[in-house]
Peer 1: 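I'd like to ask some things about the structure below.
Excluded from the calculations below are hydrogen atoms, water molecules and symmetry mates; all remaining heavy atoms, backbone and side chain alike, are included.
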Amino acid sequence: MAKIAPFQDIIRTYSEYSNAIHWNKEPKELYEPFEYIMKQQGKKLRPLSLLLSYNLFENNLHPALDAAYGIE
């Protein structure tokens with residue numbers, strides 16, 4: 001069984017990951033709305049739920065970050 005990380009650590013890991021993604025690509029009409037949506041502040045319940053569930057079985061959250069970002 002994995003060692004469960006503190007909730008704040010999981011939030012910080014996801015925030016660092018999502019802030020490192022840049023949507024400044026072409027065509028701007030396509031990517032600007034994505035950037036706007038993904039940079040919104042909110043609860044981020046879906047990605048955090050995925051990461052919390054993943055952390056029940058694995059210590060390293062990095063393999064699940066793409067999936068967490070994708071469901072948001």
Peer 1: Is there a path from Leu45 to Leu56 through hydrophobic residues (I, L, V, M, F, W, Y) whose side chains come within less than 4.5 Å of each other?
Peer 2: no
Peer 1: Between Met38, Glu32, Lys28, which is the residue that forms a side chain to side chain contact (heavy atoms under 4.5 Å, CB included) with Trp23?
Peer 2: Met38
Peer 1: What heavy-atom pair brings Tyr54 and Asn60 nearest, and what distance separates the two atoms?
Peer 2: CE2-O, 3.1 Å
Peer 1: Calculate, to the nearest 0.5 Å, the distance between atoms CZ and CG belonging to Phe34 and Asn24 respectively.
Peer 2: 14.5 Å
Peer 1: Rounded to the nearest 0.5 Å, what separation is found between the OG atom of Ser49 and the NZ atom of Lys43?
Peer 2: 12.0 Å
Peer 1: If Ile, Leu, Val, Met, Phe, Trp and Tyr residues are connected whenever their side-chain heavy atoms lie under 4.5 Å apart, and connections chain through other members, are Leu52 and Phe57 in the same group?
Peer 2: no
Peer 1: Taking the side chain as C-beta and beyond, is there a heavy-atom pair between Asn55 and Ile10 under 4.5 Å?
Peer 2: yes
Peer 1: State, yes or no, whether a side-chain contact exists between Phe7 and Leu48 at a heavy-atom distance under 4.5 Å.
Peer 2: yes
Peer 1: Taking Ser18's backbone N and O only, do any of them form a donor-acceptor pair with Lys39's side chain (distance below 3.5 Å, no angle check)?
Peer 2: yes
Peer 1: For the CD atom of Glu35 and the CD atom of Gln40, what is their distance to the nearest 0.5 Å?
Peer 2: 11.0 Å
Peer 1: Strictly distance-based, threshold 3.5 Å: is any side-chain N or O of Glu72 a donor or acceptor partner for the main-chain N or O of Ala68?
Peer 2: no
Peer 1: Once you round to the nearest 0.5 Å, how far does CG of Leu65 lie from CD of Glu16?
Peer 2: 10.0 Å
Peer 1: Please report the interatomic distance CD1(Ile71) to CG(Leu51), rounded to the nearest 0.5 Å.
Peer 2: 8.0 Å
